[in-house]
Each structure stands twice: as structure tokens, then as C-alpha cells.
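Computed from a prediction, not measured in an experiment: that's the story for all the values here. To find a chain, count down the sequence lines: A is the first, B the second, and so on, and within it residues start at 1.
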Protein chains: 2
Amino acid sequence: MSVKQALNLTPSFGSLKKHMQLTRYTDYGLRTLIYLALLPSGRRASIDEISKTYDISRNNVNKIVHQLGKAGIIETKRGKGGGFYLKKTPQELNIGELVVLLENTLQVVECTTPKCRILPACKLKVILGQATQAFLDSLKAYTLADLLEDESKALIQILNIQCD
Amino acid sequence: MSVKQALNLTPSFGSLKKHMQLTRYTDYGLRTLIYLALLPSGRRASIDEISKTYDISRNNVNKIVHQLGKAGIIETKRGKGGGFYLKKTPQELNIGELVVLLENTLQVVECTTPKCRILPACKLKVILGQATQAFLDSLKAYTLADLLEDESKALIQILNIQCD
DNA sequence: TATATAATACATTTAATATGCACCTTATAA
DNA sequence: TTATAAGGTGCATATTAAATGTATTATATA
């Protein structure tokens, strides 16, 4: 009996896996929108402010803000005194659609790298596609407003948003 | 106007994202099971055979076979003339359960790296958890047998499985 | 007893994401 | 009108996880 057996250790597999996750980018995007939804009307946020609040790299926030701006979800303004704010109400922002926007790849299998031999007769892709759709449909039942409900006060306090 | 604007190129964002995918490991695991389901009864496959058939690294197949063996899905046998075969019928092997087995992480957000500040008041985790469940429920409607239906002959030919 | 096979361990490579840094563009307030 | 603060863009680097590579061990059978 080996030492490992004697110690009843689980065998190593080199790498095990992590996946089926949204990227942090998407997570950060949603958190940014939560922050914006809590801002008093008229107030703008800055990239720096979001970056510090959530301890996210400036660069990531930069990209997120730029993308949300291009998508028409927030209004961005350059220059001194600039910043950005929600262009739509939280009720209008569907979580499913936001995830589709922020997440680059929602395809669940690749089939192409390297090209899978059984592709012509493989039903897996269809079945996994359906499952992904079910995932998104589930998210589409919610809007940004649902993420805030009953929690606005707590969130405003945690995020230290000044309401004067 | 810059050259890039003039050429109407999309701006670079450093990295964009890919995710929400199952690992190849899981994909390979399912393909291995498809192969085994098509074998004539009494025949065994070997790691080498699967590895060559699908052009997957031996090591990956090795891990998959080991895991499936430990899970009681296949019977593995060492030594000369050894190999492995399905211990259950394709009808008994649920795709949703197989994905849960093969995929390590099905959690959709982390919340912990670094620890998210709004965690105590955040509903995102719950909503994403529901969506993941919807994904799995969709997969649970299928078994390995469904992946073969109407395609067995085509697959046997593509995979060059000898039925003598 | 030689050989073929799975089991285990660990090292290396690859690929994707996240972050860092520099600079450009734009708007405003002093 | 100019300094400054903001977002926009591009590219380089670091980090991380997955995939693969290489040995070696254990086991069964011809």
C-alpha cells in the first residue's frame, strides 16, 4: 500500500475543471448597473467611482461602460464633470438580455476545435442549445428592478451612495 | 478622423470573453459514452481506441474513463485484454446527470474572488441559480439513448466500429 | 514472464480572461 | 484659453484554468 492510499488521499487528476460560468466581466457589468440604478436621479457615476467601489480594475469598468454606452443602456459623457447614468428604467432592463449582451459566448459546446468527427450525426448540439435557451428564458423573467426589490436601502448603505 | 474610424473597424477591447461553456472534458466524456453505447455487446473499448478515434489526448480519456468507472457507469478492467464497457443501458444514462457528474463547476457566479461587497443584499446569485437549474432540467429530459436515436448506423460508420 | 492495459502523479503548454499602462479625445470650470 | 477631469482606444503583461505530455506503477492475461 502506498503512502497516499494509507492516508486515504483522493488521487490527483492534474487539472479539474471550472466553467459553465459567466465571466466576471458580465458579473461586473450587472453590478455596475445595480449601482447606477441606485443613484439619485441627476447624479452621474464615474469609472473611477465604480472601480473603487467594487474593487474592479479600471480597465474592466472602462470596457463595460463603453459597451453599455454603445448599446444605449447608459448615457456616457466625456470631459470634466462627465460620467454616465442609466438611460432606461430598471424595469426596462431585462436580465436575460443583459447577459446576452455582456457575455460574449453563450454557445455551450464548440464542436470545431478540433472539428468533431461525429458532428454530422450528433444531436448533442441541439440538446445543449435547448438547455441554453432554457437558461436564458429563466433569466428573462427578471429585470434589473427585481434585483433591487426590498434591498435598495441595504444596497445604498453598503455601497455608500450619498443621496443629498 | 482616424484611419480606424475611416475603415470602420471595431475597436479592440483587449480580451473579450468566452465562457458559459462546458469544458471539452465533459464533451469528450459524452462522446466516449456515445462510442461505448454503439459497441456490440461483449466488446470492450480501450483508452487508446477512444483517444485515436476522436483525436483526444490519451491523458484526457484516461481521466474520463477513470471517473466514469468510479461513478459506476462503466466497468473498467486492467491488464492484457482489458478495457471498459457500459455497465448501464443508454436509456438509464440521463444527460443532465452526466453533465453534473463530468462538469466540475456548475455555479454561474463566484461572488467570492474577490469577495463581492454587495453579497448580503444581492439577489443575482439566486436568479442565476434558478437559471442553471432550468438548464439542467432541460438536459434531464434526455438520455444517452436519445443521442443515438435514428443515428446509430451513421455513427457506427463514422466511428468505424467493427460489428463482427 | 512478457505484454497490454488501466491507475496515478506531476510537469508543461496553451488559451482565455483579467489587469496594467500609455496615450488620445472631449468637455468644462477656473 | 488653458488646465483638468472625464471617457475612448490600443496594446502589453499577468493570471488562471484547462488541456496535454511524460513517466511510472499496478494488474491481469496470454
Stepwise side-chain contact (heavy atoms from CB on, under 4.5 Å) check, B/Ile74 with B/Leu33: CA-CA 9 Å; B/Ile74 63 177; B/Leu33 290 170; 4.3 Å; yes
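- Taking only side-chain atoms of A/Arg24, from C-beta outward, the nucleotide of C/dA18, D/dT20, D/dT9 with the closest atom is C/dA18.
- The separation between B/Lys63 atom NZ and D/dA19 atom P is 8 Å, rounded to whole Å.
- You'll find that the side chain of A/Lys80 is closest to D/dT4, out of D/dT4, D/dG10, C/dA7.
- Each of B/Ser57 and A/Gly83 lies near DNA chain D, and the nucleotide nearest A/Gly83 is the one positioned closer to the 5' end.
- A/Gln162 is listed as a side-chain neighbour of A/Asn160, based on a closest heavy-atom distance under 4.5 Å.
- Neither OP1 nor OP2 of D/dA5 sits under 4.0 Å from any side-chain N or O of A/Ser46.
- Comparing atom distances between the A/Ile47 side chain and each of C/dA18, C/dA7, D/dG7 picks out D/dG7 as nearest.
- Looking at B/Leu98 and B/Thr26, their side chains never come closer than 4.5 Å, going by heavy atoms from C-beta outward.
- In this model, the phosphate group of C/dA7 is approached by a side-chain N or O of B/Thr76 to a distance below 4.0 Å at OP1 or OP2.
- Residue B/Lys77 places at least one side-chain N or O closer than 4.0 Å to OP1 or OP2 of D/dT29.
- The nearest whole Å value for the distance from the CZ atom in B/Phe84 to the C1' atom in C/dA4 is 14 Å.
- None of B/Lys87, B/Arg44, B/Lys88 except one satisfies the salt bridge (charged side-chain N to carboxylate O under 4.0 Å, His left out) rule with B/Glu75; the exception is B/Lys87.
- One atom, OH of A/Tyr54, and another, P of C/dT19, lie 15 Å apart when rounded to the nearest Å.
- In this structure, CG of A/Asp48 is placed 17 Å from P of D/dT4, rounded to the nearest angstrom.
- Nucleotides of DNA chain C nearest to B/Gly81 and A/Gly79 differ in position, and the one nearer the 5' end is that of B/Gly81.
- Atom-to-atom, CD of B/Gln67 to P of C/dA6 comes out at 16 Å; the value is rounded to the nearest Å.
- Atom C1' of nucleotide C/dA4 and atom CZ of B/Arg44 are separated by 13 Å, given to the nearest angstrom.
- Put simply, the side chain of A/Asn59 and the base of C/dG20 share a donor and an acceptor less than 3.5 Å apart.
- Closest approach to the A/His66 side chain among D/dT20, D/dG7, D/dT9 is made by D/dT9 (side chain taken as heavy atoms from C-beta onward).
- Using modelled atom types, one side-chain atom of A/Arg117 and one backbone atom of B/Ile158 make a donor-acceptor pair closer than 3.5 Å.
- The side chain of B/Arg78 sits closest to C/dA6 out of D/dG8, C/dA6, C/dT19.
- One atom, CD of A/Glu75, and another, C1' of D/dA6, lie 14 Å apart when rounded to the nearest Å.
- When rounded to the nearest whole Å, the span between CD of A/Gln21 and C1' of C/dA16 equals 13 Å.
- Phosphate contact (OP1/OP2 of C/dT19, side-chain N/O of A/Asn60, threshold under 4.0 Å): present.
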